[in-house]
Amino acid sequence: MRKPPILNANPWFSHHQRLQLQPISLTGAHFQGRHGNFSELFDDSAKRDVVPWSALTSGYAKRGELDVARRYFDDMPVKDLVSWNVMITAYAKRGEMESARKLFNEVLKKDVVTWNAMIAGYVLSGECKKALEMFEEMKTVGERPDEVTMLSLLNACADLGDLQVGMKIHWSLSEMVSSSGFNVLLGNALIDMYAKCGSIGRALKVFRDMREKDVSTWNSVIGGLAIHGHAEESINLFTQMRRSKVRPNEITFVGVLVACSHAGRVNEGRQYFKLMRDGYNIEPNIRHYGCMVDMLGRAGLLDEAFKFIDSMLIEPNAIIWRTLLGACRIHGNVELGRRANVRLLKIRQDESGDYVLLSNIYASKGEWDRVEKVRKMMDDTGVRKDAGYSLIEAEEKALIDFLFNSKSKVSLKPTNLVQC
DNA sequence: ATAGGGTTAG
């Protein structure tokens, strides 16, 4: 196996070669059978050098072998802040925030990277409130947040839908960064945050103020507009994007298709789906198919949606069938709904929400005996245990649905009305 | 030679 000369010249790596071991960064091989006492691998001069220990820790962590990484971390004779940051980051990225927190508490002298690793970790594992708490704590102890901190916090706000905190961060960012504008990552995060918090106007302002725009910038604003039902603007921006030098990617097309779906622009959606393949050589993925099914379903083209799914080159997932099932419910198509449900059950037999959805279809058509069958199906497969809500609640929901939303003329059985 | 950052269908 060829090795870069720089590593051959390095005494530390030669040491490994003598042991017939491969540096992990080169080969991906691990030190099999060597998980006993790591300290024996190193001579005294190596022990004094923290860097290779941290490098090994980092290398194993990146390959997903956290246990091994931790052994190196523990066996390190001397640790510096980078060593701690490596290990904390490893846990944070894996979502093992308890372990990360434990180490974090042990670090006496933290720096901004230590804090950022924790904050980013909490955001990644969906504990955005904790991320914001960490940020407060960080300010309390006098650590200065930087752009990386702010990026994580913006993602937290987007997730929480917390516009007020998001705007505060935007504000402090304006003071932090030079007035010539944000870097692309921060700008994109701001657009995303504003869009997800429902402030499309602010998202558009950030978008317009950005000097440098990359594909994610366009995607954030096209997708954001689409989700909020501003199909016209979303598609207009897509047209602008095509005129710019930035090439749309698969995510762009998800946004565009969502826009078409929400606006009921079926023919346009079909064209963009075709354009994606023929014009940009992008193979549609499961999300694109999902958008198409949603678009056809919303428009009431249920048969076509069904045929579309059957023509897919990739295996439809539960979301696809659930989307069609939802469309069948809205349009009151019991027959297709049942067929969609059969396919759905083949994929996931343990999701009670799907049974509930089916029972809603039946209920909204007044077919209460079938609701009973679904209930039995749930009992038989033991799904009900895992249900977040009982079937009684589902029936109630279906009943309310029927009374206020359904166009069906089928009357309800008196017993059900009594329950209401 | 070791640490931190982004968008995707219901």
One thing to verify: whether [Y] and [X] come together as a salt bridge, which I'm taking to mean a side-chain N less than 4.0 angstrom from a carboxylate O.
X: A/K102; Y: A/E96; answer: no
X: A/D75; Y: A/R70; answer: no
X: A/R71; Y: A/D67; answer: no

[X] has an atom [atom1]; how far is it from atom [atom2] of [N], in whole Å?
X: A/E147; N: B/dG5; atom1: CD; atom2: C1'; value: 10 Å
X: A/F135; N: B/dG5; atom1: CZ; atom2: P; value: 18 Å
X: A/R94; N: B/dG4; atom1: CZ; atom2: C1'; value: 18 Å
X: A/I286; N: B/dG10; atom1: CD1; atom2: P; value: 13 Å
X: A/L324; N: B/dA9; atom1: CG; atom2: P; value: 18 Å
X: A/M312; N: B/dA9; atom1: CE; atom2: C1'; value: 11 Å
X: A/D294; N: B/dT8; atom1: CG; atom2: C1'; value: 14 Å
X: A/M276; N: B/dA9; atom1: CE; atom2: P; value: 14 Å

Measure the spacing between [atom1] of [X] and [atom2] of [Y] and express it to the nearest 0.5 Å.
X: A/M150; Y: A/I119; atom1: CE; atom2: CD1; value: 9.5 Å
X: A/D192; Y: A/L151; atom1: CG; atom2: CG; value: 10.0 Å
X: A/L154; Y: A/I191; atom1: CG; atom2: CD1; value: 11.5 Å

**Item:** Chi angles and distances behind the side chain to side chain contact (heavy atoms under 4.5 Å, CB included) call for A/N188, A/V206
**Value:** CA-CA 9 Å; A/N188 296 349; A/V206 175; over 6 Å; no

**Proximity to the side chain of A/I320 - top-ranked nucleotide from B/dA9, B/dG5, B/dG10** =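 Output: B/dA9.
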
**Fill in**
Of the listed B/dG10, B/dG4, B/dT2, the closest approach to the A/D146 side chain comes from B/dG4

**Item:** N or O in side chain of A/K62 less than 4.0 angstrom from B/dT2 OP1/OP2
**Value:** no

**Item:** Phosphate OP1/OP2 of B/dG10 contacted by A/H262 side-chain N/O (<4.0 Å)
**Value:**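 Result: yes.
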
**Sequence neighbours excluded, every pair satisfying ring pair (Phe, Tyr, Trp, His ring centres under 6.0 Å) that has a member inside residues 194-213 of chain A** = A/H170-A/Y194, A/F207-A/W218

**Fill in**
So ring pair (Phe, Tyr, Trp, His ring centres under 6.0 Å) across residues 233-253 of chain A, not counting sequence neighbours, yields A/F238-A/F253, A/F238-A/Y272, A/F253-A/Y280

Strand contacts (DNA chain B) in [range], 4.0 angstrom heavy-atom criterion:
range: residues 107-122 of chain A; value: A/D111, A/V112, A/V113, A/N116
range: residues 225-249 of chain A; value: none
range: residues 148-170 of chain A; value: A/V148, A/L151, A/N155
range: residues 214-224 of chain A; value: A/D214, A/S216, A/N219
range: residues 79-93 of chain A; value: A/V82, A/N85, A/V86, A/T89, A/K93

Using a distance-only test with no angle check, is there a side-chain donor-acceptor pair under 3.5 angstrom linking [X] and [Y]?
X: A/S152; Y: A/N155; answer: no
X: A/R338; Y: A/N341; answer: no
X: A/S261; Y: A/D294; answer: yes

**Request:** Would you please name every residue forming a ring pair (Phe, Tyr, Trp, His ring centres under 6.0 Å) with A/F135, sequence neighbours left out?
**Result:**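 Residues passing ring pair (Phe, Tyr, Trp, His ring centres under 6.0 Å) with A/F135: none at all.
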
**Message:** Checking A/S83 now: which residues fulfil side-chain contact (heavy atoms from CB on, under 4.5 Å) with it, not counting sequence neighbours?
**Reply:** A/V50, A/S54, A/F73, A/M76, A/K79, A/D80

Validation: residues 125-134 of chain A side-chain donor-acceptor distances under 3.5 Å, sequence neighbours left out:
| residue | atom | partner | partner atom | Å |
| --- | --- | --- | --- | --- |
| A/S125 | OG | A/G121 | O | 2.8 |
| A/E127 | OE1 | A/K130 | NZ | 3.1 |

Which side-chain N or O atoms in residues 104-112 of chain A pair as donor and acceptor under 3.5 Å with protein atoms at least two apart or in another chain?
| residue | atom | partner | partner atom | Å |
| --- | --- | --- | --- | --- |
| A/N105 | ND2 | A/R101 | O | 3.3 |
| A/K110 | NZ | A/F104 | O | 3.4 |
| A/K110 | NZ | A/V107 | O | 2.8 |
| A/D111 | OD1 | A/N85 | ND2 | 3.3 |
| A/D111 | OD1 | A/V113 | N | 3.1 |
| A/D111 | OD1 | A/T114 | N | 3.0 |
| A/D111 | OD1 | A/T114 | OG1 | 2.7 |

Would you mind writing out the side-chain donor-acceptor pairs for residues 140-148 of chain A within the sub-3.5 Å range, not counting sequence neighbours?
| residue | atom | partner | partner atom | Å |
| --- | --- | --- | --- | --- |
| A/T140 | OG1 | A/E136 | O | 2.7 |
| A/D146 | OD1 | A/N116 | ND2 | 3.1 |
| A/D146 | OD1 | A/V148 | N | 3.1 |
| A/D146 | OD1 | A/T149 | N | 3.1 |
| A/D146 | OD1 | A/T149 | OG1 | 2.9 |
| A/E147 | OE1 | A/N183 | ND2 | 2.7 |

